Amino acid sequence: MKKILLLLAAIVIFGASCSDSTKQQQGNKETLVEQKDVNLPKDQVYTMDNLLANAETLVNKQVKVKGFVTHTCKHSGRRCFLANESQELTVRVEAKGNIGGFNRELVGSEIEVTGKLMERRLTIGEIDEMENAINEKRVKDDGAEESCDAEMANVAQMREWMKKKGKDYYSIYYINGEEYNEL
Amino acid sequence: MKYKSIYAFILLIVSAWILSWVVPALVRMGTTTSPDYPFVYYSSLLQNFVTRQQVNNKPVFKDVSGNNYTLQQYDSITPLLNYRQLSLSGNMPDTILGVPIEMKLLRSKSWVWRYNPRDLQSPKLGLFIMYESQSGRANLESPEDVFRMEDNIEFIIKQTGEVNKIKSGLFQEKLEKEKFAFPTQQVWGNLSNRKPYDEGYFVLDSKHQLFHVKMVNGRPYVRDTKAGKEVNIAWFSILEVPDKSIYGFVVSKEGNLYTLGGDGYELTKFDIPAIDIRKQSVMVMTNLFYSMVNVISSDSTSYHVLKAGTLVKHDDSFTIKAKTDRWNVVASWLFPVYTSISDKNTQYLSPKIEIGGVNAFFVSVLLAFLFTFTIDNKSKPVMRIAHLVLIGLLGIPGLLASLLIKK
Amino acid sequence: MIKSIFYKEWIKSRWVLLVIAGVFTSVLAYSFMNISNNFRVSGVNEYWELIVQKGISSMGYIKYLPLLSGMLLAIAQFVPEITNKRLKLTLHLPMAESKMILFMLGFGIICLSMLFSVTYLTTAIGMNLYFCKEIACWNLSEIYPWLCGGIASYLLSVWICLEPVWKQRVLMGFPGLCAIALFYFDEMPGAYAPFIGYLIAFVVLSLAFVFHSLVRFKDGEQ
C-alpha cells in the first residue's frame, strides 16, 4: 500500500512539472514551447514544435520531422537547419546515412527528415568557458556590444533553464539525418 | 569526243577552287604573325590598367599612362594577381582598399572564365555524365551510366548499353513535374570529374527556358531558373567558382553577357557593350574587387573593368589594336578573292569566300590580261574568257589552274 | 559487252581487291579487338568516360585505308591499259569511248562502294554492340569523309594514270593531292557536317577530270 501511494505521488509530481511551460533555446533564439502529450504514434511525423517539446523522451530514437530549410552549409553541405513555420524554432540536421549532403537549393523548401535525435549536453564548466570567452571578446572588440549582449543573454537563458529543470547541464538537440524527402 | 570543252571547263573551275584554298593557306602558314597583345590587369592600388609584355624577350611592365615598373613594383601594384608571390616575399599588404586581406579570401574570390565562339559552333556527342552532387566524398566518382536528353531523358548503363528504366523514369517524372518542355534544345555542363564540386547541367527546353538539372542524394533535382524569361539564351557556361557565388555565365543571342547567381538564379548583366557571339571571344578575370573583361576581336582587344558582384562599370575601358598581321599585307597584294575551309571561330569545316584586298585585284587583272593575250592566245574564246575571269578574280591560284589546263 | 568489260576489269584487279578486302577486314577486326582490350584493361567506365569527356573515336586505324585502296585499284585497272598504250585497243571496241571508260570506272566505283559500305555497316553494328547509337554515329561521322576520299582518290588516280604526258601527270599531282587532303583534315568527328555536300559534289565532278585525260590521250598529246 505504501509503495503504491509513493508511486502515485511520484506520478503526480512528475505530471505537475511536465505541465509547466518550458523554455527551449536553440542557437541564439529564445522561444516558449507548450508541452504537448508525450504519447504520439510510432510513425508520427513531428513538427518542430512537437519534436522539441518531446525531445527528452525521444533522444537516441528514430524520428521523422518536417520543417523548412533555413540554411545549408554552402561548401560541404554537411548540415542544414530546419525551422518551423514561424522560424522561431530551429534544429540542426547532420548529413549521415543515405544523405550525402544538403544542396543549397533546398533553402526555403519544406522537407521531411528521418534520423536519430541526438542530445549534446553543455556542462556548467563549458557554459562558464563560454561566458569567459564572451567577456574577453567584449574587452577586445569595441562596437561589438550588441552581439556580446545577445550571447550573454543566451548564456543567462541556459543557466535559468538548468536552474528551473534542476539539471547540471544544458541540452542542445540535433538530428543525425539518414534520409530526407522534399515535400 | 563530245563535251571536250565541258570537261576542260569543269577541270579548270574545280582546280581553281582547290588552288584558291591551298595556295593562300600555304602562304598564310609562312607569313602569319601573332597579334601580340600585352597581358592587361587592373591595379587596385593605382586604380588603372597595367600591362605586361615581352619586348626583345624581356618582360616590360607599364601602366596605360606609359610609366614603367620593375618586376617587384609590378608585383606590388597588382597584389590581387600576385598575392602568392607577395606572400612568399613577405610583402603582402594587410588590407587593400580598406578590406583586411586573408589568403583564403583572395583564393575564394579569384577565378577566370573564357568564352570562345568555337564553343558555340562545335559538334556535340549528345551523351553526358550525371555525377552525384552531394556524395560527401572529396572526389567525384564516375557513375555507372551516361545520359542522353532529346525527346526524353534516358540513362544508359555503360556495362550493358541498356537503358536504366527506373532512373530514367525518376528524372523524366521530375522534369515533367517542373514543366520542362521536350525536345531539349541544348545541354550545358562540365563533363569532367576534375572539378571542386558538381552542379549538374543547365538545359534549354523547347520553349527556351533554362532548367537546372542535377542528381542530389541519388534523386533528381530540377528547377526552372526563370533566366529564359528575361534573356534569349544562346549559350550557357558552367563555372565552379570557389565561393559558389554564381553557377555560370549566360550569353544571349544579342551578345549580352550575364552571370547566373548562386542564390536564387538571379541574372546580373555585364556592363559592357554587346559582343558578336560568333566572332568575338571573351576572357573574364575576377578578384575580390573587380571583374576584368577582355573582348577579343580579329583586329583588336577591348579591356573593361567592372565591380565584382554587381558587374557595374568601374573605370573607363580602353582598346589595343592588334599588330598588323603580315599575312593580311601579303593577301592584300596577292589574293583578291580566296577560299578558306577552316575558321578559328568554329569547329565545323565549311568553305568561305574571303576578300584579300583591292590592290590584289589590280595585280590579278594585269596578270589575267598578260596570260590571255600572250600565253593563251590559241585557246577557244570561251576558255580565254574563263581564264581571264578566273585569274582576275583569284590571282595566282587562277593562273596556276589556267596553266594546268592550257594545251 | 558490258559483262565482258566487267570480267576484264575483274581479271585485272581481283588480287588487288582481295588484298584490299583482307586489309580492311584485319584493320576493322583490330579496331574492335582494341576496344575489347581497353574495356578489360582500363575498364568499361573509364573508356566510356574518355569518349564522352574527350570525344575520342575508336576507328582511327582505317583513316588512310580508303585513300590507298582507291589508288591501288586505279593502278591495277589502268596501268595495264596505258602500258604500250593498250587503251587504244580498248577504245576501238564497238562501244562509245565515253561509255567504255564509264563502265571501267563503274566497275572500280562499284567495288570500292561495296567495300566501303560493308566497312560502314560493320562499324555501325559493332559500335552499337559495344556502345550506344550516339557513339556509333560519332564514329560513323568521322569515317564517312574518309570513305568518300577513297572514291575521290580512285578517280583522281585514274585521271593521272590516263594522262599521256608525264610532265602533266606531275603537274596534276599537286592539285590532286590537295583535293585529297580536303577529305582527311584532322578534325573532330562531326566537323565535316556542313562540308560533306561539297565533297560529294567534288567526287562527282572529278569524273570530268578522267574524261579530260581521255580526251588528251585520244588527241595524241605527247
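The structure displayed is predicted, hence computed values, not measured ones. Each chain gets a letter, A, B and so on, in the order the sequences are listed, and its residues count up from 1.
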Do any N or O atoms from the side chain of [X] and from the backbone of [Y] form a donor-acceptor pair under 3.5 angstrom?
X	Y	value
B:Glu240	B:Asp198	no
C:Asn128	C:Ile125	no
B:Ser133	B:Glu199	no
C:Glu9	C:Met104	no
B:Gln121	B:Gln347	no

message: Under 4.0 Å between a side-chain nitrogen and a carboxylate oxygen: does that hold for C:Glu49 and B:Lys158?
response: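 A salt bridge is present here (some side-chain N lies under 4.0 Å from a carboxylate O).
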query: What is the distance from atom NZ of B:Lys4 to atom CG of C:Asp219, rounded to the nearest 0.5 Å?
result: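 If we round to the nearest 0.5 Å, B:Lys4:NZ and C:Asp219:CG are 4.0 Å apart.
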query: Roughly how far, to the nearest 0.5 Å, is the CD atom of C:Gln77 from the CZ atom of C:Phe107?
result: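 With rounding to 0.5 Å, CZ (C:Phe107) is 6.0 Å from CD (C:Gln77).
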message: Please output the residues of residues 132-151 of chain C in contact with chain B, using a heavy-atom cutoff of under 4.5 Å, in numerical order.
response: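 Checking residues 132-151 of chain C against chain B gives C:Cys132, C:Lys133, C:Glu134, C:Ile135, C:Trp138.
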message: If the contact rule is any heavy atom under 4.5 Å from chain B, which residues of residues 169-179 of chain C qualify, in numerical order?
response: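 Result: C:Leu171, C:Met172, C:Phe174, C:Pro175, C:Cys178, C:Ala179.
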- prompt: Just by distance, with hydrogens left out, do C:Ser58 and C:Tyr47 show a side-chain donor and acceptor under 3.5 Å apart?
  reply: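 Yes, because at least one side-chain N or O of C:Ser58 sits under 3.5 Å from a partner of the opposite role on C:Tyr47.
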In terms of heavy-atom proximity below 4.5 Å to chain B, should [X] be classed as side chain, backbone, both, or neither?
X	value
C:Tyr198	side chain
C:Phe39	neither
C:Ile51	both

In terms of heavy-atom proximity below 4.5 Å to chain C, should [X] be classed as side chain, backbone, both, or neither?
X	result
B:Glu150	side chain
B:Asn190	neither
B:Leu125	both
B:Leu11	both

- request: Name the member of B:Ser142, B:Gly126, B:Ser350 that forms the most heavy-atom pairs with chain C at distances under 4.5 Å.
  value: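 Option with the top pair count is B:Ser142.
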- request: Select, from B:Leu127, B:Ile156, B:Ile10, the one with the greatest count of heavy-atom pairs under 4.5 Å involving chain C.
  value: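 Top option by heavy-atom pairs under 4.5 Å: B:Leu127.
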query: Looking at B:Pro336 and B:Gly392, what are the two nearest heavy atoms and their distance?
result: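 Of all heavy-atom pairs spanning B:Pro336 and B:Gly392, the closest is CG-O, 3.8 Å.
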- request: Give the minimum heavy-atom separation between B:Trp17 and B:Pro351, together with the two atoms involved.
  value: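 Taking every non-hydrogen atom into account, CZ2-CB, 4.1 Å.
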Please list, one pair per line, the donor and acceptor atoms closer than 3.5 Å that link side chains of residues 205-212 of chain C to other protein atoms, with sequence neighbours excluded.
from	atom 1	to	atom 2	distance (Å)
C:Ser206	OG	C:Phe202	O	3.3
C:Ser206	OG	C:Val203	O	2.6

- prompt: By side chain to side chain contact (heavy atoms under 4.5 Å, CB included), which residues pair with B:Phe9, not counting sequence neighbours?
  reply: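 With sequence neighbours excluded, B:Phe9 shows a side chain to side chain contact (heavy atoms under 4.5 Å, CB included) to B:Ile13, B:Met383, B:Ala386, given in chain and number order.
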- prompt: Would a 4.5 Å heavy-atom cut-off, applied to side chains only, mark B:Phe335 and B:Ser20 as touching?
  reply: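 When only atoms from C-beta onward are counted, B:Ser20 and B:Phe335 do not touch, as no gap falls below 4.5 Å.
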